[in-house]
**Q** 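For reference, the structure I am asking about is given below.
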There are 2 protein chains.
Amino acid sequence: MKSTINAKDVAKLAGVSQSSVSRVYFEGAKVSKKTRQKVLAAAEELGYRPNEFARSLITNRTKIIGLVMKGVQNPFYPQVLTQFTASFKKFGYSILFVHTNSDEIQTEDIETLLNYNVAGVVITDATMSLNVAESFRANQIPLVFFNRKLSRSNFYSVCCNNLSAGRAIAEYLIAKGSKDMAYISGNENTSTSQEREEGFSEVVTQHNLNFKKYSSDYTYEGGYKTALAIMEEEALPSAFFVANDIMALGVMDALRKKEIQVPAQVKVIGFDNIGMSSWPAYELTTWEQPIEKMVEETVTYLLAEMIDYTGTAEAVEVDGVFIERKTT
Amino acid sequence: MKSTINAKDVAKLAGVSQSSVSRVYFEGAKVSKKTRQKVLAAAEELGYRPNEFARSLITNRTKIIGLVMKGVQNPFYPQVLTQFTASFKKFGYSILFVHTNSDEIQTEDIETLLNYNVAGVVITDATMSLNVAESFRANQIPLVFFNRKLSRSNFYSVCCNNLSAGRAIAEYLIAKGSKDMAYISGNENTSTSQEREEGFSEVVTQHNLNFKKYSSDYTYEGGYKTALAIMEEEALPSAFFVANDIMALGVMDALRKKEIQVPAQVKVIGFDNIGMSSWPAYELTTWEQPIEKMVEETVTYLLAEMIDYTGTAEAVEVDGVFIERKTT
DNA sequence: CTGAAAGCGCTTACAG
DNA sequence: CTGAAAGCGCTTACAG
């Protein structure tokens, strides 16, 4: 059964005890320079590598972060994935990637994370029942909802300032002279779509104006179909605030198909600032989500909680930036 | 130190031995119905979950697949990621996600995979030095290069039929009357770009025609810049064969910017059939990579090798499909 | 079918 | 600073 070489083998070759070998590889343990050198030389010769499983078993902690994602089709998320992987790598953590199809994360997916006793969890673009979330708390595993809030719960979340972004976008459009605006929502049960709408609505109402609301689903196809349907049945608004960029691109393509001029006939504003929004075919005005800072906030919190678990809940909001391009 | 509940706890409550508890959770082990029921009841009550680390330590095998990716910015790869995650999940495997920035995978990234003693590895959109690849073989860890071949090596690879696709695309363009064609390559050291060019070149030459070659990098920006540069300095070819879709979209946007009509003035063909290529703004003719089948081939091979390691090398090619849209 | 016991490869008090 | 030993939570021959 024994096939790989272990600390005992190295110890024998180095002429020291197995404990000493262990100490060389365990950060914070003390070993004399001489011992360290002997061990490293022997390890090198044998190609020794400490077994993470034995380590985790004895320390009861891992260097694995569970990253749960849903919408990898939205180009926003590959960026998020890249940033998290890079950021955690710096601190020696690896990523256990879980992809879920449903809005609500399945118990099955969670089991995996618990079985591997992950050091922390990031949930992206999805929610989970409070029950399930609590099972992480019970195991003192820190958890962050990234770009989502779980309503009526006390879990840590990191989002963009969706509410004030919604307000700023309304202010901007009204200043530009828009009167009859429309909001195209993402999945309506997401906090992001709700908050963007709420901020927007607030300001529109303050100005004694109205806006129409159309419900969509955060996908390109959703944006495309929604816009087509609008054009077939109703008068076009003077501006669309679309809950994310990928939908906004769909909206623009639908407008293009009907030969509607943007921004001359309709203005379009998205949200996220995905790479494509700056493509010449779109040049979309949007609200940039500060992914880097959001990731940093998430990682900082998780690292702190891994050292000393408190279970603190907070809804962190990181300020995004308005990016004006050619669609407004 | 002991915090979580273990098989011993369950055994005590169920009134059986710890071995029996273990057998209930170990597939293939034999336990009487009665024992099983007692154990499951006790486990349920205590919230027991077998510790994966202890399991892996004793069995010397894991249920983790290392998935190494580079180009997550190319929408082709999120699709690949989703499929792999779904497919491996079916067989009870989890994904350790490694993201690399460089074309050649770093030893550091590999260390992680070896430390976690992954059951298998998929390398996507990147290569690695033969040295590093051999370290997997030394540990009998099966390895598949997905969408890449490692030249002069004997590792398993799964690709699309790039060579014959290149040929078919040349035949198609020539049949359509194109005479002066151009190939815009991806990163030139990738097998995919080389083979697509090779097939293309072969047929063009057979027909006593020529084509120009421009070197690019598999990104949208690369395609955009390359096309702009061409238009500023030289006569436009009658058709572009672009090594992947995302670059082809860049090419199209550059043409649009210069008000060149596609396909009237220039034809454009991409490769991959990413979601965006069917968007109304593009409607790109392309060659579909059969991701699902490619993933299936990869998973099947890995599962077989995990049971009985042979280290067989083979360059599997899965046939793609030509998709004609409006750019040709 | 079941239990007692050895052992996977580590970390970590405990002596020296 | 170093070594001998216990123990993390499992699997798995070995008896019964």
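Please read all numbers here as calculations on a predicted model, not as lab measurements. Protein chains get the first letters and strands the later ones, always in sequence-line order, with residue 1 at the start of each.
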**Q** Please identify which of these residues, B:T192, B:T124, B:T190, meets the side chain to side chain donor-acceptor pair (under 3.5 Å) condition with B:R148.
**A** B:T192
**Q** Hey, does the Lys NZ or Arg CZ of A:R137 hover above the aromatic six-ring of A:F155, less than 6.0 Å from the centre and inside 45° of the axis?
**A** yes
**Q** Which residue, A:V21 or B:K30, contacts DNA chain C at a nucleotide closer to its 5' end, judged by nearest heavy atom?
**A** B:K30
**Q** Check every strand shown and say whether A:Q18 touches a base, only sugar-phosphate, or nothing at a heavy-atom separation below 4.0 Å.
**A** base
**Q** Return the pairing partner of D:dG16 with a 3.5 Å limit on both distances, Watson-Crick or G-U wobble; otherwise return none.
**A** C:dC1
**Q** Just call it for A:S20: base, sugar-phosphate, or nothing, with non-hydrogen atoms closer than 4.0 Å on any strand.
**A** sugar-phosphate
**Q** Nearest whole Å is fine: how far is D:dT2 C1' from A:F26 CZ?
**A** 17 Å
**Q** For B:R61 and C:dC8, give me the distance from atom CZ to atom P, rounded to whole Å.
**A** 17 Å
**Q** Which nucleotide, D:dA5, C:dG9, D:dC10, lies nearest any side-chain atom of A:L57?
**A** C:dG9
**Q** So, does A:S22 get its side chain near the phosphate of C:dG9, meaning an N or O under 4.0 Å from OP1 or OP2?
**A** no
**Q** Ignoring backbone atoms, establish whether B:S17 has a side-chain N or O less than 4.0 Å from OP1 or OP2 of C:dG3.
**A** yes
**Q** Between B:R23 and A:T35, which residue's closest nucleotide on DNA chain D lies nearer the 5′ terminus?
**A** A:T35
**Q** Please work out if B:R49 contacts a base, only the sugar-phosphate, or nothing of the nucleic acid, heavy-atom cut-off 4.0 Å.
**A** sugar-phosphate
**Q** Would you check, one step at a time, whether the test side-chain hydrogen bond (donor to acceptor under 3.5 Å, both in side chains) holds for A:D125 with A:Y218?
**A** CA-CA 11 Å; A:D125 187 34; A:Y218 275 144; over 6 Å; no
**Q** Around atom NZ of A:K293, are there more than 12 heavy atoms of other residues, nucleotides or ligands at under 6.0 Å?
**A** no
**Q** Roughly how many Å is it from OH in B:Y25 to P in D:dC10, rounded to a whole number?
**A** 10 Å
**Q** Please give, in whole Å, the distance from C:dC10 P to B:N117 CG?
**A** 11 Å
**Q** Nearest 0.5 Å, what's the CD1-CG distance between B:I307 and B:L302?
**A** 11.5 Å
**Q** Taking only the side-chain nitrogens and oxygens of A:N6, find out if one of them lies under 4.0 Å from OP1 or OP2 of C:dG9.
**A** yes
**Q** What is the distance from CZ of A:R55 to P of D:dG9, rounded to the nearest Å?
**A** 19 Å
**Q** Holding to salt bridge (charged side-chain N to carboxylate O under 4.0 Å, His left out), I want the full list of residues that pass it with A:E305, two or more places apart in sequence or in another chain.
**A** none
**Q** Which is more 5' along DNA chain C, the nucleotide nearest A:F53 or the one nearest B:V31? Just name the residue.
**A** B:V31
**Q** Closest to the B:V16 side chain: C:dG3, C:dT11, C:dG7?
**A** C:dG3
**Q** Distance check: side-chain N/O of B:Y48 vs OP1/OP2 of D:dC10, anything under 4.0 Å?
**A** yes
**Q** Between C:dT12 atom C1' and A:E27 atom CD, what is the distance in whole Å?
**A** 16 Å
**Q** Measure CG/B:D9 against C1'/D:dC10 and give the value in whole Å, please.
**A** 13 Å
**Q** Output yes when at least one side-chain N/O atom of A:S32 is less than 4.0 Å from OP1 or OP2 of D:dT2, else no.
**A** yes
**Q** Take atom CG of B:N51 and atom P of C:dC8, then tell me their distance rounded to the nearest Å.
**A** 18 Å
